[in-house]
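What follows is a set of notes on a single structure, which appears directly below.
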Amino acid sequence: MKKLDKERVLLAVAAPVLALAAAFVVTALVLLATGKEPFNAFGIMFDYGVKADSQVYILNKATTYYLAGLAVAIGFRMNLFNIGVDGQYRLAAFFAAVVGGALKLPGLVQIPLILLVAMLVGAMWASIAGLLKVYRGVSEVISTIMLNSLSGIVISYLLVDGRLADLDKQTNIVATDPLPSSSHFFTIPAGGDLDPIWGFIVVAALAGVGFWFLLGRTRFGFDLRAVGRSESAAQASGVNVKRMVLTSMLLSGAMAGLIGMPTLLNDTHQFTSDFPTGIGFTGIAIALLGRNNPVGIGLAAVLWGFLERGANRLEFEGYDKEIVGVMQGVIVLCVVIAYELVRRYGLKRQQQRVGAELAAQAKADKGTDKQEVPA
């Protein structure tokens, strides 16, 4: 049994390691093709990434990316492809900022209220795709992509001076009302002149623990994974597949609603037209790289933050900043390929092991039969 567990761990680690190794090789070849020195570029990224200020930057970025990865992973565990995480998180952050800017309550009430609004808006927006899939058979891939565009239209319509936003004539920036100081989330001092670490990293860690417990230690999580493996088998065992699909979309949307909270509560304290975009799509890559595991997703989120930090430095050293984008894209591609190769290898090993056990049993049975034959 111990040997089997070790082999499973090795197979689980092999896929991301193989994907990262392949990604660095391909990126090195791209750099060589453009006349650049790959090892020098990687050295610059590493030296810059391990500096104290870079570590703070990476942790703050990873907090947001981690929540995005969890939101996507909830759908993946159910075999649902929630591409609409980006629209869900931006719409949730917008309405959370509007509500937070309009109220001036004590922090113990104001902050939970903002978080609740964000999660409710994210869940409600995701529920549209869930309802369409359950009752109309519409693919969640198509509906969530369309809802991404629709959420952008809704925000553009409401984020206008005189509606739910105001124009700052000095900066010419349209933004929601600033959150009162009671809504500012706590920060963790990093020492010296360094920027503080966003306190929302604690909430992200708790969300990861909740993800692990809900999906791995409850009946609901078992049913969710069962439906993801085989809807017909789960339904035959008494699981309400339609309810599970809708519930999974609601949970994924609620988690997506938290993605913008580190930026809103720890950084900008208001929603503007340049609020970060594309994080939902980054979450897809992080969930894939982390194999939908909360620990793996955390490591993938840190890696993504490290690559982005390194990209900023490469630009100053004469390298094309887009090279990191190439690396990230190659990582996603290699992850899909590596996981399939590892899955096939694991399946082959399992078949060989079962075959060997059956052959040994047959040999033992044959020997027993010979002993029972009278001389």
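By convention here, the first residue in the shown sequence is residue 1. The figures that follow rest on heavy atoms only: side chains count, while hydrogens, waters and symmetry mates do not.
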Checklist entry - Does one hydrophobic cluster hold both V25 and F46, with members joined at side-chain heavy-atom distances below 4.5 Å? => result no
Checklist entry - In the single-linkage hydrophobic clustering (I, L, V, M, F, W, Y; side-chain heavy atoms under 4.5 Å), do L120 and Y89 co-cluster? => result no
Next on the checklist: Using the rule side-chain contact (heavy atoms from CB on, under 4.5 Å), only one of L59, I58, N60 pairs with V56; which is it?
Outcome noted: N60
Checklist entry - More than 12 non-hydrogen atoms from neighbouring residues, nucleotides or ligands closer than 6.0 Å to CG on L108, yes or no? => result no
Item to check | Worked verdict on L303 versus L299 for side-chain contact (heavy atoms from CB on, under 4.5 Å) | outcome: CA-CA 6 Å; L303 172 64; L299 295 175; over 6 Å; no
Next on the checklist: How long is the straight-line distance from CG of L333 back to CG of L288, given to the nearest 0.5 Å?
Outcome noted: 11.0 Å
Checklist entry - At their closest point, which heavy atom of Q88 faces which heavy atom of A256, and how far apart are they? => result OE1-CB, 3.7 Å
Item to check | CD on E231 to CD on Q235, rounded to 0.5 Å | outcome: 8.0 Å
Next on the checklist: On a heavy-atom basis, which atom in G49 and which in F306 lie closest, and how many Å separate them?
Outcome noted: CA-CE1, 3.6 Å
Checklist entry - Counting only N and O atoms by type, is there a donor-acceptor contact under 3.5 Å from the side chain of T176 to the main-chain atoms of A165? => result no
Checklist entry - Which distance, rounded to the nearest 0.5 Å, do you find between the OG1 of T63 and the CD1 of I201? => result 4.0 Å
Checklist outcome for this item: When rounded to the nearest 0.5 Å, the distance separating CD1 of I74 from OG1 of T247 is 11.5 Å
Item to check | side-chain contact (heavy atoms from CB on, under 4.5 Å) between V227 and N79, intermediate numbers included | outcome: CA-CA 8 Å; V227 175; N79 203 23; over 6 Å; no
Item to check | Distance-only donor-acceptor check, side chains Q110 and S182, under 3.5 Å | outcome: no
Next on the checklist: Test ring-ring contact (aromatic ring centres under 6.0 Å, His included) on F95 and F271; report intermediate values, then the result.
Outcome noted: CA-CA 9 Å; F95 281 106; F271 190 98; 9.5 Å; no
Checklist entry - Within the distance-only criterion (no hydrogens, no angle test), does the side chain of S54 pair as donor or acceptor with the backbone N or O of V50 below 3.5 angstrom? => result no
Checklist entry - What are the two closest non-hydrogen atoms of L31 and P38, and how far apart are they? => result CD1-CA, 3.6 Å
Checklist outcome for this item: Taking every heavy atom of L91 against every heavy atom of S151, the minimum-distance pair comes out as CD1-O, 4.0 Å
Next on the checklist: Taking CZ in F220 as the centre, count heavy atoms belonging to other residues, nucleotides or ligands within less than 6.0 Å. Is the count above 12?
Outcome noted: yes
Checklist entry - Say you draw a straight line from OG of S248 to NZ of K133; how long is it, rounded to the nearest 0.5 Å? => result 11.0 Å
Checklist outcome for this item: In terms of heavy-atom contacts, M78 and V241 come closest through CE-O, 4.4 Å
Checklist entry - Is S252 reaching over with its side chain to a backbone N or O of A71, donor-acceptor style, under 3.5 angstrom? => result yes
Checklist entry - Going through the distances and angles, do L265 and I114 end up as a side-chain contact (heavy atoms from CB on, under 4.5 Å)? => result CA-CA 9 Å; L265 300 180; I114 292 174; 4.2 Å; yes
Item to check | Value rounded to 0.5 Å, distance of CG in L158 from CG in L164 | outcome: 5.0 Å
Checklist entry - Please walk me through it: do D195 and Y57 pass side chain to side chain donor-acceptor pair (under 3.5 Å)? => result CA-CA 8 Å; D195 293 332; Y57 174 92; over 6 Å; no
Next on the checklist: Main chain of P294, side chain of Y66: is a donor-acceptor contact present, judged purely on distance under 3.5 Å?
Outcome noted: yes
Next on the checklist: Strictly distance-based, threshold 3.5 Å: is any side-chain N or O of E140 a donor or acceptor partner for the main-chain N or O of A129?
Outcome noted: no
Checklist entry - With a 4.5 Å limit on heavy-atom distance, are the side chains of I331 and L20 in contact? => result yes
Checklist entry - Which residues pass the ring-ring contact (aromatic ring centres under 6.0 Å, His included) test with F24, sequence neighbours left out? => result F42
Item to check | Same cluster (ILVMFWY, side-chain, under 4.5 Å), I297 and V202 | outcome: yes
Checklist entry - Under the 3.5 angstrom rule, does the side chain of S230 hit a backbone N or O of A226 as a donor-acceptor pair? => result no
Checklist entry - Do the side chain of D166 and the main chain of D161 share a donor and acceptor less than 3.5 angstrom apart? => result no
Next on the checklist: The test is side-chain contact (heavy atoms from CB on, under 4.5 Å); show your working for V324 and L314 and say whether it passes.
Outcome noted: CA-CA 9 Å; V324 174; L314 285 179; 4.0 Å; yes
Item to check | Residues clustering with M146 (ILVMFWY side chains joined when closer than 4.5 Å, directly or via others) | outcome: I142
Item to check | same_hphob_cluster(Y157, L150) at 4.5 Å side-chain heavy-atom cutoff | outcome: yes
Checklist entry - Are F185 and V203 close enough that some pair of their side-chain heavy atoms sits under 4.5 Å apart? => result yes
Item to check | Side-chain heavy-atom pair F281, N148 within 4.5 angstrom cut-off | outcome: yes
Item to check | Whether R77 side chain and N292 backbone form a donor-acceptor pair below 3.5 Å | outcome: yes
Checklist entry - Do the non-hydrogen side-chain atoms of S273 and V174 ever get within less than 4.5 Å of each other? => result no
Item to check | Residue pair Q55 / R309, side-chain heavy-atom distance below 4.5 Å | outcome: no
Item to check | D320 (side chain) donor-acceptor with I323 (main chain) under 3.5 angstrom | outcome: no
Next on the checklist: Just by distance, no angles: are the side chains of Y48 and N312 close enough, under 3.5 Å, to form a donor-acceptor pair?
Outcome noted: no
Next on the checklist: If you count heavy atoms of other groups shown closer than 6.0 angstrom to OH of Y345, is the number above 12?
Outcome noted: no
Checklist entry - Can you list the steps and then say if N82 with T144 is a side chain to side chain donor-acceptor pair (under 3.5 Å)? => result CA-CA 6 Å; N82 184 10; T144 51; 4.7 Å; no
Next on the checklist: What I'd like to find out is whether the side chain of R225 reaches to under 4.5 Å of the side chain of D223, using heavy atoms alone.
Outcome noted: no
Checklist entry - Are the side chains of M327 and V330 in touch, meaning some heavy atoms are under 4.5 Å apart? => result no
Checklist entry - Looking only at side chains, do E37 and Y319 share a donor and an acceptor under 3.5 Å apart? => result no
Checklist entry - Are L18 and L289 in one and the same hydrophobic cluster, where Ile, Leu, Val, Met, Phe, Trp and Tyr link if side-chain heavy atoms are under 4.5 Å apart? => result no
Item to check | S183 side chain to L179 backbone, donor-acceptor under 3.5 Å | outcome: no
Checklist entry - Are any of the side-chain heavy atoms of S143 and I128 separated by less than 4.5 Å? => result no
Item to check | For G130 against M249, the heavy-atom pair lying closest together | outcome: CA-CG, 3.9 Å
Item to check | Cation-pi geometry met for R90 and F275 (6.0 Å, 45°) | outcome: no
